[in-house]
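Contents: one structure, followed by commentary.
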Amino acid sequence: MKTESPKKKRFIFYAVILAVLSILCMFMHAGLQTEHMNIVQTFITEEGGGWSANMTMLPLTIANLIAVVLTFVFGTLFIRVGVRKIMIPFIVLAGLGCVGIALANGLDCFGGATAGNYPFFFASLMVVRCSVPVFQMGCMMLITNWFIRLRGRMVSISCMGATLFTVVGTSVMPNVIAKSWGGDYRPFYYGVAALCVIMAVILGFCLKDSPEDAGLFPDASDHAPISEEGATTSLKVSEVLRDPIAWKMTLVQIAPNVLISGIMSSMAISFISKGGTELWLQATVYVSFGAIGGIACALLFGVLIDKIGALKTEALFLICILIPTVTLMFMPSKKNVLLLVIFAVGLAFSIGPAPVTHPCVVSHLYGRKKYQSVNRITMALQMIPGAFSGILMTGLIGAGHAKLAYLILIILDVISFITLMTMMKIPDANAADRDTLHHKAG
């Protein structure tokens, strides 16, 4: 036991570093994928002399489509080159893109479009969005490599970062920028860029791609995973595309991808279209409470995954994300405290668990070694409809068809839930290690 103690301490060190880094990764992923558009569209408005909502959303929509291809490319490079070697340069690139968004200006407070450079804004936003997949994919592959039995809880800890951005970026920052910075959001983007550099340094000097690279085993165990004995390390693209389970899993996870990204990227426009900027700024208080509650919900769902399994937890999640969708569908033009409270609760049970369930479902179905070879394909496929969710929601809401927009989301969620019900008997690929690792931990 004494000889194993130093190894356990080393594992704990790496686990702490991974926890901190993964929180930051998910903070960036949630924020720079879609949610920061609430900041952009609050302070760059057509009414204020700036670019229209469709113009600010256009580069994000195009980049969403490019990111579909990049998701497969990044996933493949993670397998062949290594996770950190790919993450580091693209994290820095995302930071440079944030600097570009700030330099492009176009803010209402500076005169709108006359003070901005739209081509530079367009290119910078695309660079940021195209770099975003490395944050989530790399983070989740690292967690999948380092944890099996405690994977759900570790993923849930990382996903605190996603809800943290909703608190900081979507709820607090619009008020700070409006009331304290005079509508100038540039310091926010400079701060995010600096955080990207810090992350790259931590990733480069303080972590390994897998516990085996550090002479350790997942979950601080004293032996290699039992469930991986004789297992192939990856699957070919053709094998995944011929697998009906992979297609079912993709369909199941399309709804969360579309609903969360569609709702979060159009939230400001939704409230503004109903009751103006005043209603939106009032709603941000409730969004903030929902995001804070999402941290607890993420941890709860992480525990549920480890206790009752990823598929049952995913079913619960698909039910939960209907709450904010239906609430927004019937939100009135004036402040309604009851509906806003229900919305906040629903938001907590949606944005918190959203990034938790996805990697755990993939790991449940395919295991640690095959995780990324499958994820690079299924994630790319489910991102295709997600790429259009923001501009679809913005367009329909702007045209006065908000209820139709939310009805489409509800129907999609029901289809995913029905599909999931046909998969409930599929066993956990790493079940043997989930049962035994805690008995043999060093």
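The analysis underlying the following values was restricted to heavy atoms, covering all of them including side chains, and did not include hydrogens, waters or symmetry mates. No experiment lies behind these values; they were computed from the predicted model shown.
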Original post:
To the nearest 0.5 Å, what is the distance between CD1 (Ile411) and CG (Leu407)?
Top reply: 4.0 Å

Original post:
Are any of the side-chain heavy atoms of Lys370 and Leu365 separated by less than 4.5 Å?
Top reply: no

Original post:
With side chains defined as the heavy atoms from C-beta onward, is the minimum distance between Leu32 and Cys98 less than 4.5 Å?
Top reply: yes

Subject >> N/O donor-acceptor pair under 3.5 Å between Arg129 side chain and Met126 backbone >> reply: no

**OP:** Before giving the answer on side chain to side chain contact (heavy atoms under 4.5 Å, CB included), spell out for Leu322 and Ile410 the whole-Å C-alpha distance, their side-chain angles and the decisive distance to 0.1 Å.
**Re:** CA-CA 7 Å; Leu322 287 175; Ile410 292 169; 4.1 Å; yes

**OP:** May I ask you to decide if the ring planes of Phe301 and Phe317 are parallel, tilted or perpendicular, using 30° and 60° as cut-offs?
**Re:** perpendicular

Subject >> Minimum heavy-atom distance between Cys206 and Phe13, given as atom pair plus value >> reply: O-CE2, 4.1 Å

**OP:** Ignoring hydrogens and angles, tell me if any N or O in the side chain of Gln372 forms a donor-acceptor pair with the backbone of Ile79 under 3.5 Å.
**Re:** no

Original post:
Is it true that a side-chain atom of Tyr366 and a backbone atom of Leu235 form a donor plus acceptor pair closer than 3.5 Å?
Top reply: no

**OP:** Look only at the side chain of Ser288 and the backbone of Thr284, and say whether a donor-acceptor pair between them is shorter than 3.5 Å.
**Re:** no

Subject >> Exam field: side chain Trp51 to backbone Ala113, donor-acceptor pair closer than 3.5 Å >> reply: no

Original post:
Under 6.0 Å from the CZ atom of Phe289, do we count more than 12 heavy atoms belonging to anything else shown?
Top reply: no

Original post:
What pair of heavy atoms forms the shortest contact from Val128 to Ala94, and how long is it?
Top reply: CG2-O, 3.7 Å

**OP:** Go through the steps for Val362 and Met379 under the test side chain to side chain contact (heavy atoms under 4.5 Å, CB included), then give the verdict.
**Re:** CA-CA 10 Å; Val362 180; Met379 178 174 277; over 6 Å; no

**OP:** Flag the pair Phe188 / Trp181 as yes when their ring centroid distance falls below 6.0 Å, and as no otherwise.
**Re:** no

Original post:
Could you go step by step and tell me if Leu195 and Met28 meet the side chain to side chain contact (heavy atoms under 4.5 Å, CB included) rule?
Top reply: CA-CA 9 Å; Leu195 193 54; Met28 293 297 183; 3.4 Å; yes

Original post:
Does any N or O in the side chain of Asp428 come within less than 3.5 Å of the main-chain N or O of Gly309, such that one atom is a donor and the other an acceptor?
Top reply: no

Original post:
Measuring from Leu338:CG to Thr327:OG1, what's the distance to the nearest 0.5 Å?
Top reply: 9.0 Å

Original post:
Side-chain donor-acceptor pair under 3.5 Å between His358 and Asn257, yes or no?
Top reply: no

Original post:
Shortest non-hydrogen contact from Val155 to Cys360?
Top reply: CG2-SG, 4.1 Å

Original post:
For Ile148, does its backbone N or O pair with a side-chain atom of Arg368 as donor and acceptor, under 3.5 Å?
Top reply: no

Original post:
Can you tell me if Tyr189 and Ser124 form a side-chain donor-acceptor pair at under 3.5 Å?
Top reply: no

**OP:** For the residue pair Trp280 and Gln41, establish whether any side-chain heavy-atom pair is separated by less than 4.5 Å.
**Re:** no

Subject >> Any side-chain heavy-atom pair of Cys196 and Phe135 under 4.5 Å >> reply: yes

Original post:
With a cut-off of 6.0 Å (strictly less than), are more than 12 heavy atoms of other residues, nucleotides or ligands near CZ of Phe43?
Top reply: yes

**OP:** Determine yes or no for a side-chain-to-main-chain donor-acceptor pair under 3.5 angstrom, with Asn375 supplying the side chain and Gly75 the backbone.
**Re:** no

**OP:** Could you give me the CA-CA distance, side-chain angles and deciding distance for Leu142 and Leu203, then say whether side chain to side chain contact (heavy atoms under 4.5 Å, CB included) is met?
**Re:** CA-CA 11 Å; Leu142 289 171; Leu203 191 58; 4.3 Å; yes

Subject >> Closest contact, heavy atoms only, Ala268 versus Asn38 >> reply: N-OD1, 3.0 Å

Original post:
If you look at every heavy atom in Ala19 and Ile157, which pair is closest and at what distance?
Top reply: CB-CG2, 4.3 Å

Original post:
Looking at Pro256 and Ile321, what are the two nearest heavy atoms and their distance?
Top reply: CA-CD1, 4.1 Å

Subject >> Polar side-chain atom of Ser266 near backbone of Ile269 as donor-acceptor pair, under 3.5 Å >> reply: no

Original post:
Can the ring centroids of Phe27 and Phe165 be said to lie less than 6.0 angstrom from one another?
Top reply: yes

**OP:** Would you check if the side chain of Asp413 reaches a backbone N or O of Leu409 as a donor-acceptor pair within less than 3.5 Å?
**Re:** no

Original post:
In terms of ring plane angle, is the pair Phe78 and Phe74 parallel, tilted or perpendicular, where the classes change at 30° and 60°?
Top reply: parallel

**OP:** Give, for atom CG of Asp219 and atom CZ of Arg149, the distance between the pair rounded to the nearest 0.5 Å.
**Re:** 5.5 Å

Original post:
Among Val341, Ile342, Val345, whose side-chain contact (heavy atoms from CB on, under 4.5 Å) with Tyr286 holds?
Top reply: Val341

Original post:
Parallel, tilted or perpendicular: which describes the rings of Phe271 and Phe343, with under 30° parallel and over 60° perpendicular?
Top reply: perpendicular

